[in-house]
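Only one structure is covered here, and it is reproduced in the block below.
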2 protein chains.
Amino acid sequence: MSQGNIAVTDQAETPDPGKLAVCTVMEVVNRISGKWAIGILLEATRGPVRFTELERSVSGISRRMLTLTLRNLERDGLLERTVYPTVPPRVEYEATGMARELYESLSALVGWAERHREAIALARDSYDGRG
Amino acid sequence: MSQGNIAVTDQAETPDPGKLAVCTVMEVVNRISGKWAIGILLEATRGPVRFTELERSVSGISRRMLTLTLRNLERDGLLERTVYPTVPPRVEYEATGMARELYESLSALVGWAERHREAIALARDSYDGRG
DNA sequence: CGGAATCCCCCACGATACTG
DNA sequence: CAGTATCGTGGGGGATTCCG
């Protein structure tokens, strides 16, 4: 994805700061746009959390998706995974500083959504009503 | 999606502001998480833009996806569609005030991505290298 | 407890037409 | 010019089973 927008900046005409911003936004949006990443990130921001705790607190998630999403977040450096070699095994996940900063950066978006939630709902009703 | 997190707030225990924020974030992220929405929104933020102009400036997009994404953005009240009943037809799209505010709200995310891009790349290399 | 492996489904998206 | 219609595909995600 984003082949066009990114490739264009190679050595072509003026790098166009606008296009660059688009790529940057898509980068971060794609990173958290999965169905579960944001919820997991939030739980892990509260403090160290175990696999099974996440399975319970992130309601609706399957073991498979929990594992996959945790791996991706860990890979991006947003979660730190700690294994305690006890028996039974104990694994804890915690948000990194980067992830906490990300969560703060999202507050602007939350503000926007709250300010315009009603307007969006009205726009949809209007659009769906008249076509 | 988000069945769990939203449904839980019906009349259950304390509404948990954290979970509510998760839903709000996912709301807005999902709204712009398509492959083309952000790029289209940017072009339409510069000023009124025609269908064919978008087809050229948003590189790689197909007519079909352009139409679908435009419809969704219009439905959410992020784009305004103006039809000039001339021949040949002329249709212009422009970002609404809401959309412009959204773009400003995204700047925090851009800042985050720029600050941590290198750290993320390193985290990935490290993760992929060692497994 | 904390996963990995397998199977299946759905839908966002791409390609390729046709049209007022 | 600005769309619609139709068909096909890939991968994100669900359900289930097995494992150290």
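Reminder, nothing fancy here: chain letters follow the sequence lines and each chain counts from 1.
- Applying the salt bridge (Lys or Arg N to Asp or Glu O under 4.0 Å) criterion to Arg100(B), with sequence neighbours excluded, gives Glu94(B).
- The nearest whole Å value for the distance from the CD1 atom in Ile61(B) to the P atom in dA15(C) is 12 Å.
- Judged as a salt bridge (charged side-chain N to carboxylate O under 4.0 Å, His left out), the pairs with a partner in residues 82-93 of chain A (not counting sequence neighbours) are, in order, Arg90(A)-Glu92(A).
- A straight line from NZ of Lys35(A) to P of dG12(D) spans 14 Å, rounded to a whole angstrom.
- When the C1' atom of dG13(D) is taken as reference, atom CG of Leu68(A) falls 9 Å away, rounded to whole Å.
- Summarising the geometry, the separation between OH on Tyr84(B) and P on dG3(D) is reported as 13 Å, rounded to the nearest angstrom.
- Listed candidates were dC1(C), dG14(D), dG20(C). Nearest to the side chain of Ser62(A) is dG14(D).
- Under 4.0 angstrom from either OP1 or OP2 of dA2(D) there lies at least one side-chain N or O belonging to Thr52(B).
- Inter-residue side-chain proximity for Arg31(A) and Leu78(A) is flagged as met; some heavy-atom pair is nearer than 4.5 Å.
- Listed by first and then second residue, the salt bridge (charged side-chain N to carboxylate O under 4.0 Å, His left out) pairs involving residues 112-122 of chain B are Glu27(A)-Arg117(B), Glu101(A)-Arg115(B) (not counting sequence neighbours).
- When the P atom of dG2(C) is taken as reference, atom CD of Glu74(A) falls 14 Å away, rounded to whole Å.
- Listed by chain and number, the residues in a salt bridge (Lys or Arg N to Asp or Glu O under 4.0 Å) with Arg63(A) are Glu55(A) (sequence neighbours excluded).
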Strictly under 3.5 Å: I want the nitrogen or oxygen pairs between protein and nucleotides 3-9 of chain C, one per line.
| unit_1 | atom_1 | unit_2 | atom_2 | d |
| --- | --- | --- | --- | --- |
| dG3(C) | OP1 | Arg71(A) | NH2 | 2.8 |
| dG3(C) | OP1 | Arg81(A) | NH2 | 2.6 |
| dG3(C) | OP2 | Tyr93(A) | OH | 2.5 |
| dG3(C) | N7 | Arg63(A) | NE | 3.3 |

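- Sorted by first then second residue, the ring-ring contact (aromatic ring centres under 6.0 Å, His included) pairs that include residues 70-121 of chain B, not counting sequence neighbours, are Trp112(B)-His116(B).
- Between the C1' atom of dC11(C) and the CG atom of Asn30(B) lies a distance of 14 Å, rounded to the nearest Å.
- One interatomic measurement links the two molecules: CD1 of Ile40(A) to P of dG13(D), which rounds to 11 Å at whole-angstrom precision.
- Atom CE of Met65(B) and atom P of dA2(D) are 19 Å apart (whole Å).
- Atoms CZ and OG1, from Arg50(B) and Thr82(B) in turn, are 12.0 Å apart once rounded to the nearest 0.5 Å.
- Comparing Ser33(A) and Pro89(A) along DNA chain D, the residue whose closest nucleotide (by nearest heavy atom) sits nearer the 5' end is Ser33(A).
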